[in-house]
Amino acid sequence: MSGPTGAQFEITYGRARAVVTEVGAGLRTYEVAGVDYVQSYPDDTYPPMGAGAVLVPWPNRVRGGRWPFEGGAQQLELTEPERHNASHGLVRKHTWQVISHTGSLISLGIDVPAQPGWPVPLRVTISYALDADGLTVTHGVANVGDRPVPFGVGMHPYPRAGNSALDDCTLHLAATTSLPLSPETMTPDGPQTPLAGTDLDFTRPKSLRGVRLDHAFGGCEPGADGLVRHRLTGQDGGVELWADPDFRWVQVYTPDDFLGRGRAVAIEPMTCPPDALNSGIDLITLAPGEAWSARWGLLPR
């Protein structure tokens, strides 16, 4: 352990390089020919604003940390006490174990035991691979308990359009709906609404100059190739975040004060929306012994 995120695992392919952390199994760096395509941070600091975090067994927030299970209620630790929420799952501050590590691929795993607020144990894995198609991230979740359990998966990258300033970039999302969120709790405050004709419609590339977002977008539609595609494009190139159709949601967040960067954008692929453990929307349920996997990735353009 050599800092708050533990050991740093590097993978390379040609001129591409990625760094993955031992604590949280997060994506700290992805660059091609020395150009950053995710917002990185120093290895002696905690990941700022959730940068690169793996969000399992739920992404985003659980209102009050409380959710129903088998006729009763589970109470999670309130990890976002100022909003009275349980936030971003159970694995991002724990040490993962390396399963395999080659030149261009690393796989890590962690056991999520049954615990207060989470009644069924899980085995969680993640793989990062570099090849000619960019960076591919593969998530795996297996139910190693004796009861069915619902869950969701997400990731918290901050993509960069190379060296382009964010205000010089356009954003193109595959999303067709938005989910209104309460500004006090950042949990749902109404049903999904269509984006067409609204200020939140990014189905065509739209400038991010002066735009402030912390919004949950749904209805992410795959293209003819079966993949969901979001794009960030700037004067210095661009980056595409693609995902399997399981990732029907994306949270987009534009902080003004990311460490060492200022304006940045998180484009967070999610299998379900905020507070899905209560709403049930797009939750995945695994029977005992059942496993699930899905992929997303980054491709410089």
Trp296 and His139: side chain donor to acceptor below 3.5 Å: yes

Other residues, nucleotides, ligands: >12 heavy atoms within 6.0 Å of Phe69 CZ: yes

Residues Gln8 and Arg28: side-chain donor-acceptor under 3.5 angstrom: yes

Mutual orientation of the aromatic rings belonging to Phe202 and Phe217 [parallel < 30°, tilted 30-60°, perpendicular > 60°]: perpendicular

Where Asp167 and Leu208 come nearest, the two heavy atoms and their spacing: OD1-O, 3.3 Å

Trp96 side chain near Val124 side chain, heavy-atom distance below 4.5 Å: yes

Sidechain-backbone polar pair: Arg61 side chain, Arg63 backbone, donor-acceptor under 3.5 Å: no

Heavy atoms of other groups near Asp199 CG, more than 12 under 6.0 Å: no

Donor-acceptor pair between Ser182 and Glu184 side chains, under 3.5 angstrom: yes

Taking every non-hydrogen atom, the tightest pair across Thr45 and Thr5: O-CG2, 4.1 Å

Lys206 atom NZ, neighbour heavy-atom count above 12 within 6.0 Å: yes

N-O pairing of Asp225 and Arg229 below 4.0 Å: yes

Reference residue Arg295; test side-chain hydrogen bond (donor to acceptor under 3.5 Å, both in side chains); the match among Thr138, Asp244, Asp246, Thr136: Asp244

Trp249 side chain near Thr271 side chain, heavy-atom distance below 4.5 Å: no

Check: Asn85/Ser87 side-chain N/O donor and acceptor closer than 3.5 Å: no

is_close_aromatic(His230, His172), centroid dist under 6.0 Å: no

